[in-house]
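These notes concern the structure reproduced below.
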Amino acid sequence: MPHDHCAGLVESRRALATGEVSSRALVEAALGRIEATQGTLNAFRIVRAEAALAEADAADRELAAGARLPLLGVPVAVKDDMDVAGEPTAFGCRGAFPPVAEDGEAVRRLRAAGAVIVGKTNTCELGQWPFTEGEAFGDTRNPWHTGHTPGGSSGGSAAAVAAGLVPAALGSDGAGSVRIPASWTGLIGIKPQRGRISTWPRGESFHGITVNGTLARTVADAALLLDAASGNHDRDPHRPPALTVADAVGRDPGRLRVALSLKPPFTAVPARLHPEIRARVVELAEQLAALGHDVEEADPPYGQIGLTFVPRATAGIADWVREAPDPALLDPRTREAARLGRLLGGAPLRAARRAEAVLHRRIGGFFGRYDLILAPTTAAPPPRIGALYRLRRGLATDRAMIAACPYAWPWNVLGWPGVNVPAGFVGDGLPVGAQLLGPAHSEPLLVSVAAQVEAELRWHERWPPEPAPEPRAA
């Protein structure tokens, strides 16, 4: 496949507004790239070729008439857990899911901003795991090294953006599901404040731990998509005060106090930080210090935060399983998690929800001393395809998953923003990332720092090799 990457969101918007390119040309090119890579990367569950071209033609007519919207005519993708009118929302599951009648709020807002939704990207079953493999759709592969996973659960969105199939995509993050695949594919992944991007028609996805977020190659693109998708449905329970994140790109954040936190938060399973990832994250800390920030090692007082996560996560899986057309087709691990969720869905779930306020106060106090935290996004580089999926048993999968990804989920319990930034490569060219974590409503601060580092390191100028290495036999 020849080098043929899409321009970013900001650049595409500029080229469309000046008439250098048509929406139809951009969408046709995106569809061509998707088709050319579907056999190898398998990033998409649904490709809306006919509908997307019709939407592109409509955008071109609007552009010709002088209309200007934030994303008018730009192709983007969304994850398979989001409602797109006329398409099923299977969320990585097998079964005959009916088409939904209307767009979810995030998709509705993207369309209102003029975006063309080219398709829905692959995700593991109900977004539970940091890999994107399953009986429903096969294996989604990492463009940097196709023998490895792009991560999960927003792995299809990450693969699509990293390979340059689309300029940006929405994902969702319930335990790191935007930040983990962003780290393993060399992308910016923004997990915003809870409620910033609506999860409607589910007012609370997974009892408040899951939020929608953005994946892009640059901070500016990720922030632009975040602003376009942000906002609330009238009946959303979480409605943070509105803010514009894209304005923070290029803004000097001032001299900040940064806590470098390398210790994994409380986990019931031992997790060890891979030495090469540790080295990359420490290099990033040194870069922040060179930019004038005060960096010191310090860990937030997480305490027993893990105990508040499991009831919310498993009760959320039980909610989705109840809606599956044929639960017998689901992965045994999913059914096992749903059984646990039904057990924990009463008093334990209520206790977990109550504990959040205590955690906000305790970890919020840490932000009296520090402005933000720099932490690894994962403890391990991207595993080989099948390494976690083939474990089959729930406990074995959980242990492997926690060992690889112990760093991201506490911010889902807190509901606060986090941004993955690329931290370089380990092994034979596998991307890894670091996360900037802040207190409530700190997206502009995190984005300004991410953009400041990006201007120095220029990670977006590197592309996956082409053709990607063929998967070796396991």
Side-chain angles (χ1 to χ4, degrees), residues 3-15 142-145 150-151 158-169 178-179 181-190 214-226 245-256 258 260 276-277 279-293 295 372 374-378 381-382 418-436 443-466 468:
H3 264 281
D4 169 33
H5 301 123
C6 62
L9 274 193
V10 173
E11 173 58 23
S12 296
R13 177 172 74 167
R14 187 201 61 75
N142 195 320
W144 289 94
H145 208 311
V161 175
L165 312 186
V166 290
V178 162
R179 290 163 290 155
S183 73
W184 284 346
T185 58
L187 299 177
I188 302 298
I190 303 179
T214 61
L215 293 129
R217 295 181 53 80
T218 67
V219 178
D221 283 355
L224 174 59
L225 188 64
L226 177 61
V245 182
D247 292 352
V249 177
R251 188 192 297 158
D252 181 359
R255 185 173 181 168
L256 301 173
V258 180
L260 170 63
E276 278 190 88
I277 296 180
R280 295 294 89 79
V281 177
V282 168
E283 284 163 17
L284 212 51
E286 289 163 357
Q287 182 68 55
L288 286 169
L291 287 164
H293 301 298
V295 183
L372 69 132
L374 174 70
T377 303
T378 68
V419 177
N420 177 78
V421 296
F425 297 84
V426 302
D428 59 351
L430 294 169
V432 294
Q435 42 179 354
L436 302 169
E443 292 100 326
L445 175 73
L446 301 178
V447 160
S448 69
V449 175
Q452 189 184 40
V453 179
E454 179 181 79
E456 297 292 323
L457 301 182
R458 308 199 66 77
W459 46 59
H460 53 285
E461 292 174 359
R462 290 191 65 160
W463 287 91
E466 292 200 36

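These values consider heavy atoms only, across backbone and side chains, with no hydrogens, waters or symmetry-generated copies. Nothing fancy with the numbering, it's 1 onward along the sequence.
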May I ask you to test the [X]-[Y] pair for a side-chain heavy-atom distance under 4.5 Å?
X    : Y    : result
H5   : L165 : no
L372 : L446 : yes
R217 : V161 : yes

Would you name the heavy atoms of [X] and [Y] that are closest together and state the gap between them?
X    : Y    : answer
A7   : S12  : O-OG, 3.5 Å
P464 : P143 : CB-O, 3.4 Å
V426 : P381 : CG2-CB, 3.7 Å
D221 : P167 : OD2-O, 4.4 Å
G151 : P181 : C-CB, 4.1 Å
A246 : A223 : CA-CB, 3.8 Å

Kindly write out the residues that satisfy side chain to side chain contact (heavy atoms under 4.5 Å, CB included) with [X], not counting sequence neighbours, or none if the list is empty.
X    : result
R14  : E11, T18, E20
A168 : L9, A216, L225
V178 : S154, D173, L215

Measure from the side-chain N and O atoms of [X] to the backbone N and O of [Y], and report whether any donor-acceptor pair falls under 3.5 Å.
X    : Y    : value
T214 : A222 : yes
E276 : G427 : yes
Q435 : P376 : yes

Go through the structure and list residues passing side chain to side chain donor-acceptor pair (under 3.5 Å) with [X], not counting sequence neighbours.
X    : value
S183 : none
H293 : Q452
T185 : none

Please step through side chain to side chain contact (heavy atoms under 4.5 Å, CB included) for the pair V453 and W459, ending with a clear verdict.
-> CA-CA 9 Å; V453 179; W459 46 59; 3.6 Å; yes
Please assess R13 against L224 for the test side chain to side chain contact (heavy atoms under 4.5 Å, CB included), listing each intermediate value before the final yes or no.
-> CA-CA 10 Å; R13 177 172 74 167; L224 174 59; 3.6 Å; yes
Mind checking salt bridge (charged side-chain N to carboxylate O under 4.0 Å, His left out) for R251 and listing every partner two or more places apart, or none if nothing turns up?
->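 Partners of R251 by the salt bridge (charged side-chain N to carboxylate O under 4.0 Å, His left out) criterion come out as none, since no residue qualifies.
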If you round to the nearest 0.5 Å, how far is CG of L256 from CG of L374?
-> 12.0 Å
Measure the spacing between CD of E443 and CG of L226 and express it to the nearest 0.5 Å.
->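 The distance works out to 6.5 Å.
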Atom pairs and distances, side-chain donor-acceptor, residues 279-290, under 3.5 Å, sequence neighbours left out:
{"from": "R280", "atom 1": "NE", "to": "E283", "atom 2": "OE1", "distance (Å)": "3.2"}
{"from": "R280", "atom 1": "NH1", "to": "F425", "atom 2": "O", "distance (Å)": "3.2"}
{"from": "R280", "atom 1": "NH2", "to": "E283", "atom 2": "OE2", "distance (Å)": "3.1"}

With respect to W184, which candidate in T378, N142, N420 satisfies the side-chain hydrogen bond (donor to acceptor under 3.5 Å, both in side chains) definition?
->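 Going through the options one by one, the only one that passes is T378.
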Return each pair, listed once, that meets salt bridge (charged side-chain N to carboxylate O under 4.0 Å, His left out) where at least one residue sits in residues 451-463; pairs must be two or more places apart or across chains.
->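 Qualifying pairs: R458-E461.
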Are T218 and V10 close enough, and set up right, to give a side chain to side chain contact (heavy atoms under 4.5 Å, CB included), and what steps lead you there?
-> CA-CA 9 Å; T218 67; V10 173; 5.7 Å; no
Member of T377, V449, I188, V219 meeting the side chain to side chain contact (heavy atoms under 4.5 Å, CB included) criterion with V419 =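 Answer to the side chain to side chain contact (heavy atoms under 4.5 Å, CB included) test with V419 among T377, V449, I188, V219: I188.
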